[in-house]
Amino acid sequence: MADSGPRGRPEVVENIGLLEALATTRAIRRYTDDPVGDADLEQILWHAGRAPSGSNRQPFRFLVLRDGRNARAAKSLLGQSFRDGWNDKRAGTEGERAYRPSRFADSMQHFVDHFESVPVVILVCLERYRAPGPYEGASVYPACQNLLLAARALGYGGALTMWHLGVEDELRLMLGIPDSAALSACITLGVPAGRHGPLKRKPVGEIVFDDEWGTSPSWIAPA
Ligand SMILES: Cc1cc2nc3c(=O)[nH]c(=O)nc-3n(C[C@H](O)[C@H](O)[C@H](O)COP(=O)(O)O)c2cc1C
């Protein structure tokens with residue numbers, strides 16, 4: 001278990017720059033038993049709330065699940081949904097390939113098997129102010145990324161997930177979430193048991209076009 005500072009803050013907080021954080025913040029699915037301190041959680045959510053949104057309406061809402069009675073019940077409901085989600089994904093029953101044994105599959109299995117002990121689970125919701133549209137996510141997902149980056153800056157790690165959707169109706173009832181709020185994401189947070197690090201992503205020249213679709217920019221060096 002990592003040493004904890006006051007209110008659960010990991011003792012060794014890397015002092016990393018913004019670009020390094022962007023290049024190395026990956027999904028963390030294994031956590032130590034250390035808590036996320038109150039002050040840190042407040043800071044993380046404060047920074048999440050600084051995200052941009054259409055017309056600055058700030059429709060994002062964060063429902064935090066820690067150790068309360070509702071939280072424990074919701075985590076157990078979510079745990080089952082996560083296990084079902086991963087079972088389907090691992091077996092390739094969603095029209096996707098099946099997952100072979102790998103470090104990734106191990107970390108997923110560990111994640112879902114220990115979901116109930118994830119220190120903090122945050123349901124990121126969006127208070128709708130108009131009919132659901134294709135771009136409403138644009139006003140909530142920047143806040144999710146801010147949240148993950150702020151967590152990283154304070155020595156924590158997290159994963160943005162979607163497996164809450166399997167128990168959306170039950171969560172609404174249990175936690176009093178109104179129909180006007182969309183359940184946009186479920187983010188887990190804790191002190192990483194492993195490390196952040198370089199991300200496996202496509203070369204930039206493959207994802208950027210110049211002047212017309214499909215033309216790689218000459219100003220990007222080949223990978
Ligand atoms: C829209 C979205 C949905 C995701 N859904 C899940 C999920 O349901 N379960 C999960 O464990 N990770 C989920 N992730 C995390 C991705 O699997 C992860 O970011 C991606 O595989 C890249 O891995 P890395 O961040 O470790 O580099 C999701 C990420 C995004 C952006």
Side-chain angles (χ1 to χ4, degrees), residues 14 16 18-31 44 48 51-53 60 62-63 65 74-75 77-126 132-153 155-168 170-171 182-204 206-207:
E14 296 165 86
I16 53 165
L18 182 54
L19 291 181
E20 191 188 344
L22 291 174
T24 58
T25 299
R26 63 177 184 79
I28 296 290
R29 299 188 179 88
R30 287 179 197 261
Y31 308 103
I44 291 167
S53 57
F60 28 73
F62 306 96
L63 207 170
L65 304 171
K75 280 184 183 178
L77 192 62
L78 283 163
Q80 197 47 56
S81 184
F82 272 59
R83 287 184 279 280
D84 292 346
W86 170 236
N87 273 343
D88 286 350
K89 207 171 170 62
R90 190 186 46 194
T93 50
E94 288 180 339
E96 296 178 5
R97 71 187 191 289
Y99 280 83
R100 296 218 185 99
S102 64
R103 278 178 60 189
F104 173 76
D106 285 352
S107 95
M108 272 293 194
Q109 194 63 52
H110 183 276
F111 184 43
V112 302
D113 285 346
H114 296 82
F115 190 87
E116 284 80 351
S117 40
V118 171
V120 177
V121 175
I122 303 175
L123 293 174
V124 185
C125 302
L126 172 130
Y135 43 79
E136 68 176 8
S139 283
V140 67
Y141 294 118
C144 293
Q145 187 63 5
N146 267 22
L147 194 161
L148 290 167
L149 290 169
R152 171 82 203 278
Y156 300 96
L160 185 155
T161 71
M162 288 292 171
W163 286 326
H164 62 291
L165 294 175
V167 285
E168 177 174 347
E170 295 91 327
L171 286 172
L183 273 70
S184 305
C186 174
I187 297 184
T188 56
L189 275 189
V191 175
R195 294 183 172 282
H196 286 275
L199 305 175
K200 231 167 93 183
R201 300 289 190 266
K202 295 183 201 311
V204 64
E206 241 180 70
I207 57 168

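In this text the structure is predicted, and so the values were computed from the model without any measurement. Counting convention: from 1, in listed order, for ligands and their atoms alike.
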* Provide the full list of salt bridge (Lys or Arg N to Asp or Glu O under 4.0 Å) pairs with a residue in residues 100-118, sequence neighbours left out, each pair given once. => R83-E116
* To do: For the pair S53 and F60, evaluate side chain to side chain contact (heavy atoms under 4.5 Å, CB included) and give the outcome as yes or no after the intermediate values.
  => CA-CA 9 Å; S53 57; F60 28 73; 4.1 Å; yes
* Structure fact -> Taken in chain and number order and not counting sequence neighbours, the residues that satisfy ring-ring contact (aromatic ring centres under 6.0 Å, His included) with Y141 are none
* **Check against side chain to side chain contact (heavy atoms under 4.5 Å, CB included), L147 and I122** => CA-CA 10 Å; L147 194 161; I122 303 175; 4.1 Å; yes
* Between W86 and Y99, is the gap from one ring center to the other below 6.0 Å? -> yes
* Pairs satisfying side-chain hydrogen bond (donor to acceptor under 3.5 Å, both in side chains), at least one member in residues 183-202, at least two apart -> Y31-T188
* Could you please provide the protein residues found below 4.0 Å of ligand 1 on a heavy-atom basis, arranged by chain and number? => R26, A27, R29, M108, F111, L160, T161, M162, W163, L199, R201
